[in-house]
Amino acid sequence: MKEISTKRIVSRKGRDMSLFWQEYKMNVKSMVIWALCVGGICVGCLLLYGSLEDSVSEMADVFANMGAFSEALGMDKVNIGTLEGYYAVEISILFSLGGAVYSAMLGAGLVAKEEEGKTYEFLNALPLSRGKILAEKFGAFVGLSFTFHGICVCLVLLGFAWMGSMPHMESFAKYHGAAFFMCLEIGTVCFLLSVICRKRPISAAVGIAMFLYMMDICSKVVPALDKLKYFTPFSYSNAADIFSGGNTDVWLREIGVGAAVFGIALCASFVVYQKKDLM
């Protein structure tokens, strides 16, 4: 039998491949499909603006004064009558939700699939420590998420270029950076869930993503629930707040809470996996 290196495992085709690249290649096809679907929807909505521009511009003031509904969607902060405002209010929601659901599903499946498919025996028989296994799987999660966002951002920029009007690039970069970190935070929480569970908790992961989005809506609509914004990553990745300038101090505090959740979930994943009984 071919000797297996401590840094490599054997793929089905017989070629040596790190665990990171094996996980990346196993999930890259679904990632590209998700990216093309989410990015394609965003581009389609951008192109649709051309036929809606006149009517949207006429209704911009009405949309901005619809009380709680306007506040929930950010229409009171940016002008929906412009292409940039239309993107910040309408299209960014599709992008954020699509990215969050994808990251949640990806994170929830990377570890639990080994126990569900009874492949953990082979994986843990390799001369790789549990910490190394988990680190490479999480690295694949980050790599796939980064590629997903890269594809979507390129498609969105092509859509803006096609429309002949580019967004404010600093705000655009700031929003997509926040959205990327938001997806990492949600995906890492679901990664911890994957470490704990013995079957892929896909439904729970999607539920977590949607629940966090509803928390963000509630924090904007119900004054008594305003503090919820510190517990949902959708708050610091809100495009309307970012494109309008927002309150930088509050935004940084929200990012800080998100970073703490990310760190705690990641550390807990390693602690739980090191102690987990895989028999």
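These figures come from a predicted structure and were not determined experimentally.
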> Applying side-chain hydrogen bond (donor to acceptor under 3.5 Å, both in side chains), which residue pairs with at least one partner in residues 174-188 are found, sequence neighbours left out?
Replying inline: Y87-H176, S96-Y175, E185-Y236
>> Do S269 and F138 have side chains that approach each other closer than 4.5 Å (heavy atoms only, starting at C-beta)?
In response: no
> Which atom pair, heavy atoms only, marks the closest approach of K137 to K113?
Replying inline: NZ-CE, 3.9 Å
> Among all residues two or more places apart in sequence or in another chain, which pass the ring-ring contact (aromatic ring centres under 6.0 Å, His included) test with F146?
Replying inline: F180
> With a 4.5 Å limit on heavy-atom distance, are the side chains of L212 and P233 in contact?
Replying inline: yes
>> If I take atom CE from residue M182 and atom OG1 from residue T232, how far apart are they, to the nearest 0.5 angstrom?
In response: 8.5 Å
> Counting distance only, does the side-chain N/O of S103 pair as donor-acceptor with the main-chain N or O of A100 below 3.5 Å?
Replying inline: no
> What is the minimum heavy-atom distance between I93 and V89, and which atoms define it?
Replying inline: CD1-O, 3.1 Å
> What heavy-atom pair brings P201 and A108 nearest, and what distance separates the two atoms?
Replying inline: CD-O, 3.2 Å
> Which distance, rounded to the nearest 0.5 Å, do you find between the NZ of K220 and the CD1 of I217?
Replying inline: 6.5 Å
> Do the non-hydrogen side-chain atoms of I91 and V156 ever get within less than 4.5 Å of each other?
Replying inline: no
> Are any non-hydrogen side-chain atoms of V222 and L228 less than 4.5 angstrom apart?
Replying inline: no
> How would you list all residue pairs meeting side-chain hydrogen bond (donor to acceptor under 3.5 Å, both in side chains) that involve residues 146-157, not counting sequence neighbours?
Replying inline: Y24-T147
> What pair of heavy atoms forms the shortest contact from E114 to E23, and how long is it?
Replying inline: OE2-OE2, 3.7 Å
> Where do A204 and L193 come nearest, in terms of heavy atoms and distance?
Replying inline: CB-CD2, 3.9 Å
>> Check for me, please, whether L97 and I33 land in the same ILVMFWY cluster - side-chain distances under 4.5 Å, paths through other members count.
In response: no
> L110 and N27: side chain to side chain contact (heavy atoms under 4.5 Å, CB included), yes or no, with the steps?
Replying inline: CA-CA 9 Å; L110 283 174; N27 292 280; 3.9 Å; yes
> Just by modelled atom types, is the A112 backbone N or O under 3.5 Å from a matching donor or acceptor in the S194 side chain?
Replying inline: yes
> Is the side chain of S235 donor-acceptor paired with the backbone N or O of Y230 at a distance under 3.5 Å, no angle test?
Replying inline: no
> Going by the angle between their ring planes, with limits at 30° and 60°, are F234 and Y213 parallel, tilted or perpendicular?
Replying inline: perpendicular
>> With clusters defined by side-chain heavy atoms of hydrophobic residues (ILVMFWY) lying less than 4.5 Å apart, directly or transitively, does M169 cluster with L158?
In response: no
>> One pair to check against side chain to side chain contact (heavy atoms under 4.5 Å, CB included): L225 and M215. What are the steps and the verdict?
In response: CA-CA 9 Å; L225 300 178; M215 281 178 63; over 6 Å; no
>> Is there a side-chain contact between F141 and S145 in this structure, where contact means two heavy atoms from C-beta onward sitting under 4.5 Å apart?
In response: yes
> For V153 and F172, what are the C-alpha separation, side-chain angles and deciding distance, and is it a side chain to side chain contact (heavy atoms under 4.5 Å, CB included)?
Replying inline: CA-CA 10 Å; V153 168; F172 183 83; 3.9 Å; yes
>> Would you say V195 ends up clustered with I264 if hydrophobic residues are merged whenever their side chains have heavy atoms under 4.5 Å apart, either directly or through other cluster members?
In response: no
> What heavy-atom pair brings F160 and S165 nearest, and what distance separates the two atoms?
Replying inline: CD2-O, 3.0 Å
>> Test question: given the 4.5 Å side-chain rule for I, L, V, M, F, W and Y, name all other residues clustered with I41, or answer none.
In response: L94
> Do F270 and Y273 make the cut of ring centroids closer than 6.0 angstrom?
Replying inline: no
> What pairs with W34 under ring-ring contact (aromatic ring centres under 6.0 Å, His included), at least two apart in sequence or on another chain?
Replying inline: Y102
>> For residues L266 and V271: do they belong to one hydrophobic cluster (side chain heavy atoms under 4.5 Å, members Ile, Leu, Val, Met, Phe, Trp, Tyr)?
In response: no
>> Pair D241, W251 - check side chain to side chain contact (heavy atoms under 4.5 Å, CB included), show working.
In response: CA-CA 9 Å; D241 289 340; W251 186 74; over 6 Å; no
>> Within this structure, what is the NZ-OG distance for the pair K132 and S18, rounded to the nearest 0.5 Å?
In response: 8.0 Å
> Under a single-linkage definition using a 4.5 Å side-chain heavy-atom cutoff for Ile, Leu, Val, Met, Phe, Trp and Tyr, are Y86 and L47 assigned to the same hydrophobic cluster?
Replying inline: yes
> Do the side chains of I151 and M31 get nearer than 4.5 Å, heavy atoms only?
Replying inline: yes
> Taking atom CD1 of I133 and atom CD of Q274, what is their separation to the nearest 0.5 Å?
Replying inline: 9.5 Å
> Who pairs with K229 by side-chain hydrogen bond (donor to acceptor under 3.5 Å, both in side chains), at least two apart in sequence or on another chain?
Replying inline: none
> Does atom CZ of F20 have more than 12 heavy-atom neighbours from other groups under 6.0 Å away?
Replying inline: yes
> I186 versus V101: any side-chain heavy-atom pair under 4.5 Å?
Replying inline: no
